[in-house]
Amino acid sequence: MTARFDKLVVLTGSGISAESGVATFRDADGVWAKYDYREVATPEGFAANPALVHSFYNERRRGLPSVEPNAAHHALAELEQRLEAVGGRSTLVTQNVDDLHERAGSKNILHMHGELSLALCGVCNASTPYADDLSLESVCPACNAKGAMRPDVVWFGEIPRFMDEIASAIASADLFVSIGTSGSVYPAAGFVGEARRLGVPATELNLEPSENASFFSESRYGPATEVVPAFVQELLEPLD
Ligand code: APR
């Protein structure tokens with residue numbers, strides 16, 4: 001017995017974490033309404049003022065323990081587990097740097113924009129778990145170099161991670177689902193076009209139509225904690 005679809009690629013953006021209390025980027029009260037992304041999310045900004053960039057990410061990293069995964073995160077974890085149990089697969093590609101998908105139980109996750117809970121050493125290039133504040137005084141846990149640590153996140157102008165894995169997952173998918181993203185940042189915003197070019201049907205689950213809404217073969221609008229569990233339940237119905 002299989003579900004309606006066997007091989008899914010699910011792309012998530014900050015909208016899936018919004019109801020957990022994590023700010024989105026481009027909503028009226030979003031992160032980029034308070035900060036200039038050029039100052040806090042580019043290599044040039046880090047070179048010009050590393051202390052400002054560290055404080056920007058320290059504040060977000062410090063907030064992680066106080067937020068919890070919501071029903072949408074949990075629904076995607078259940079989708080992955082139940083599909084795998086019947087020989088299917090769900091690849092979760094997230095633009096988010098929070099750890100809410102992990103804490104909800106998802107395993108097959110590709111953090112294409114890196115992770116807030118990891119720090120990258122500019123000397124040995126090791127990426128290590130880091131829950132504390134980062135600063136110019138921080139020492140690399142791998143090579144002990146001091147003053148070369150940065151958040152292990154992908155800044156504007158840098159190359160997103162796992163692009164080959166994402167391309168092959170989309171090429172072998174029978175459904176592409178996009179959740180909680182405005183479709184305004186590439187290459188993530190281009191994944192739906194890639195899926196459609198390959199004949200893969202695509203569903204958008206978002207609060208409102210995204211910038212690339214016209215690419216989707218199906219769209220459902222509403223809060224992720226309502227729309228995502230309902231959609232997952234429909235997908236898994238044949239297994240019940
Ligand atoms: N449920 C579902 N969708 C929601 C909710 C919600 N409760 N709240 C907001 N949204 C939607 C918004 O309508 C918007 O379309 O989530 C989307 C959030 O879009 P952005 O703020 O642009 O965030 P995102 O698409 O993740 O940004 C992509 O841009 O700044 C970079 O690296 C950053 O990964 C980020 C990337």
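First listed ligand is number 1; within each ligand, the first listed atom is number 1.
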Polar proximity ligand 1 side, [X] side, N/O cut 3.5 Å exclusive:
X: P223; answer: no
X: F25; answer: yes
X: G13; answer: no

Exercise. Taking the six-membered ring for Trp, are F191 and F176 parallel (under 30°), tilted (30 to 60°) or perpendicular (over 60°)?
Worked result: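 The rings of F191 and F176 stand perpendicular, inter-plane angle above 60°.
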For this session: Fit a plane to each ring of Y57 and W155, take the angle between them on a 0 to 90° scale, and name the class: parallel (under 30°), tilted (30 to 60°) or perpendicular (over 60°).
Result: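 Rings of Y57 and W155: tilted, 30 to 60°.
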Exercise. Nearest to atom 12 (C) of ligand 1 by heavy atom, D27, T94, T181: which?
Worked result: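 It is D27 whose heavy atom sits nearest to atom 12 (C) of ligand 1.
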For this session: Could you check which of Q95, R26, H113 puts a non-hydrogen atom nearest to atom 31 (C) of ligand 1?
Result: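 Closest candidate by heavy-atom distance is R26.
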For this session: Say whether, by atom type as modelled, one donor and one acceptor occur between the side chain of E158 and the main chain of P43 under 3.5 angstrom.
Result: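 Checking the backbone N and O of P43 against the side chain of E158, no donor-acceptor pair under 3.5 Å is found.
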Problem set entry | Basic-acidic side-chain contact under 4.0 Å: R38, E44 |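 Salt bridge: no.
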For this session: Please write down residue, atom name and distance for the protein heavy atom closest to atom 26 (O) of ligand 1.
Result: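 Here the closest protein heavy atom is S14 N, 2.8 Å.
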Problem set entry | Distance from atom 6 (C) of ligand 1 to nearest protein heavy atom, with residue and atom |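 Ranking protein heavy atoms by distance from atom 6 (C) of ligand 1, first comes G15 O, 3.4 Å.
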Exercise. Under 4.5 Å between side-chain heavy atoms, hopping through other hydrophobics if needed: is there a path connecting Y130 to V97?
Worked result: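 No, because Y130 and V97 fall into different hydrophobic clusters, even though each may have its own neighbours under 4.5 Å.
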Exercise. What are the two closest heavy atoms between N206 and I179, and how far apart are they?
Worked result: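 So the two residues come closest at OD1-C, 4.4 Å.
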